[in-house]
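Contents: one structure, followed by commentary.
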Amino acid sequence: MKRSSTVDNSDPFRPNMRDSKEWRPTSYRSHTIGQVIELGNSLVGTEVTICGYAETVRGRGAICFLMLRDGTGKIQAFLKKDNMDESLFDSIQSASRESTIRVSGIVAQKRPPKVKEGAPTPPPEYEVNVSSGEILAQASTPLPVGVIDDVQVGLDIRLDNRHLDLRRDHVNAMFQLRSRVLQYGREHLISEGFQEINSPKIIAAAAEGGTNLFPMKYFDTDAYLSQSPQLYKQLAILGGLERVFEIGPAFRAEKHDTYRHLNEFISFDIEGAWMDDEDVMGVQERMIFHIWSEVKKNDQHLIDAVNEYRISQEKEAVVVEVPTLPFPRIPYCDAIEIVKEGGGEIEWGDDIESHHCDLIAAKFPGFHFIPRWPMSMKPFYIHHKEEEEGASGGQLSRGFDLNYGRDEMTSGGAREHRVDILEQNLRNMGLDPEEFSFYTDGFRYGAPPHAGWGLGVARLLMVLTGAGNVREVVLFPRDRSRVTP
RNA sequence: GCCCCGAUGGUGUAGUGGCCUAUCAUGCAGCCCUGUCGAGGCUGCGACCCGGGUUCAAAUCCCGGUCGGGGCGCCA
């Protein structure tokens, strides 16, 4: 992982939004703005061509300051009427904010700003003394939502104008973090021998029962959008792929409307042969440890961009605290006791609801696993051992959840590999094994014991970025009332 | 599916029956300023969600609708 460690992130003009050192020139620009910032002094005196959005255009008369921003950073372009074509100068000077502009000129060290007496001298900054340029596309006015305006915009309006919302530093940073989280997660799983697969999203039958599926027409037959890759990743394991993962969409036609639910979401799934629930909990905690460690090591500038906004909103800054391994395991039976001790009304066999999770989170504020749920509360494909029973005699399962605070991140478990028990589980849950023959047939010819989990990517990002709503960390969220943009 | 709440310029807000030809900020338009950097100064523009009702009088009260917010259930 390459990363410049010399960049001063405290400087607002050097947000270092992306590591752009290796980007090649394109037809439109010789350098990214991030490169001009990072290379700084070594570029002084050389001509560069940069492109970006006009964040501000200041000054009237014979000089003009154009703050240009691209996806890698921001830099000031300095325009002087004497140094360039007069009509071009006039048109850039009167360009609307967020117009895209290309400028060419010599890199120079900026004149230092006036500082208060006794204040430290800021580090040197660079600018481009423009000699030529071009307005690539003029932005309409007024902007439907401000990019740098000092007003709070509601989430709904922001999502209607996501293309502009994304131009805001902290929003952009959150999506860069999302990409990093997926990258580090992949890296880790590949290092443990997992291979990436893609399962079908158009399916014929109810995959697991339970949640509602979106129906669709597949030519002349009825089909559904997949609610989970669960059964297909198991089939991949039965086929000898040993360790697989998939990062893909899942669709649920539930009419929920909360900060943590969407009707389309990205599920980060794994499945591994010859593994049980403990084994895959280990994979998960190591993967989260790796993600957090790498973000802390490489991406503090992105966290800083998020925090700069949070502080302006008088919210607490987020801190990337790498969790210690192993994560606490709080078996379901113990969790019930904790809820009871905390004054919650709950009995063995009840689901642990959000307000119950608050009581557990008071004792275990970070990531924690809740293994060994009652079999009756888990899907048919979850494995159980007959001899494992709860305090009141109910059958336990090898299913687990991973929670952070009050929120569930993951659901997983050891899978049932014994076909006769699998079919009995289906019947116990009121499902017809015949309808699942595409799945159960996979178990008839020798099946390895296996285990896996599914992780909600946006929920994990909520923890990392402090976002209070999954919609913040999903580009174009799909919820009960939103299918556009 | 259940419960609670809300809707005022492009954006975010103040306004709980007459003081509203509606507040403030931001924005936008224009002018002034030859190195700004949260630029500054001046002038102007722009709004009461829709439909019905109560009242001498409705942004304000009532009913319906639409859209949105919060909580719950369910889940990842």
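Just so it is clear: chains get the letters A, B, ... in the order the sequence lines come, proteins before strands, and each one is counted from 1.
Residue A/K110 places a side-chain atom within donor-acceptor reach of the base of B/rC37, judged by atom type and a 3.5 Å distance cut-off alone. Put simply, the side chain of A/R459 and the base of B/rC75 share a donor and an acceptor less than 3.5 Å apart. With hydrogens and angles ignored, a donor-acceptor pair under 3.5 angstrom links the side chain of A/E127 to the base of B/rG35. A donor and an acceptor atom sit less than 3.5 Å apart, one in the side chain of A/H261 and one in the base of B/rC74.
For A/S411, whose side chain is taken as the heavy atoms from C-beta onward, the closest listed nucleotide among B/rG71, B/rA76, B/rU36 is B/rA76. Checking B/rC75, B/rG35, B/rG73 against the side-chain heavy atoms of A/E408 singles out B/rC75 as nearest. Of the candidate nucleotides B/rC75, B/rG35, B/rG68, B/rG68 has the atom lying nearest to any side-chain atom of A/D156.
Within 4.0 Å of A/D351, counting heavy atoms only, lie sugar-phosphate atoms of the nucleic acid but no base atom. Base contact: A/R260 has a heavy atom under 4.0 Å from a base atom. At the heavy-atom level, A/R406 lies under 4.0 Å from the strands shown only through sugar-phosphate atoms. When heavy atoms are screened at a 4.0 angstrom cut-off, A/F268 is found touching no nucleic acid atom at all. Residue contacts shown for A/S267 are absent, as no nucleic acid heavy atom lies under 4.0 Å away. No engagement by A/T56 is indicated, since no non-hydrogen atom pair under 4.0 Å with the nucleic acid exists. Across all strands, A/P249 comes closer than 4.0 Å to no nucleic acid atom at all (heavy-atom distances). If you check every strand for non-hydrogen atoms under 4.0 Å, A/S481 touches sugar and phosphate atoms only.
At whole-Å resolution of the value, CD in A/Q138 and C1' in B/rC28 are 14 Å apart. Counting to the nearest Å, the P atom of B/rC75 and the CG atom of A/L460 are 21 Å from each other. The OH atom of A/Y259 sits 11 Å away from the P atom of B/rG70 (whole-angstrom rounding).
Two residues are said to be in side-chain contact when any heavy atoms from C-beta on lie closer than 4.5 Å; A/I270 and A/V283 meet this criterion.
Here the rule is side-chain contact (heavy atoms from CB on, under 4.5 Å) with A/I101, and of A/I50, A/L136, A/L68 only A/L68 fits it.
Of all heavy-atom pairs spanning A/C357 and A/N403, the tightest one is SG-ND2, 3.5 Å.
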| request: Report the C-alpha separation of A/R329 and A/M281 in whole Å, then their side-chain angles, then the decisive distance to 0.1 Å, and conclude whether the side-chain contact (heavy atoms from CB on, under 4.5 Å) test is met. | output: CA-CA 10 Å; A/R329 267 76 164 159; A/M281 281 191 266; 3.7 Å; yes
| said: Between A/V457 and A/F265, is the side-chain contact (heavy atoms from CB on, under 4.5 Å) condition met? List the steps. | reply: CA-CA 8 Å; A/V457 170; A/F265 64 96; over 6 Å; no
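Taking the C1' atom of each, B/rA39 and B/rA7 are spaced 36 Å apart, rounded to whole Å.
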| task | Classify every nucleotide of nucleotides 2-12 of chain B by which part a protein heavy atom approaches to under 4.0 Å, writing B for the base, S for the sugar-phosphate alone and - for neither, in 5'-to-3' order. | result | --------SBS
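Using a 3.5 Å distance cut-off with no hydrogens or angles, the side chains of A/H261 and A/E254 do not pair a donor with an acceptor.
Classified by interplanar angle (parallel below 30°, tilted 30° to 60°, perpendicular above 60°), the ring pair A/Y332/A/W373 is tilted. Between A/H368 and A/F364, the ring-plane angle classifies as tilted under the 30° and 60° cut-offs.
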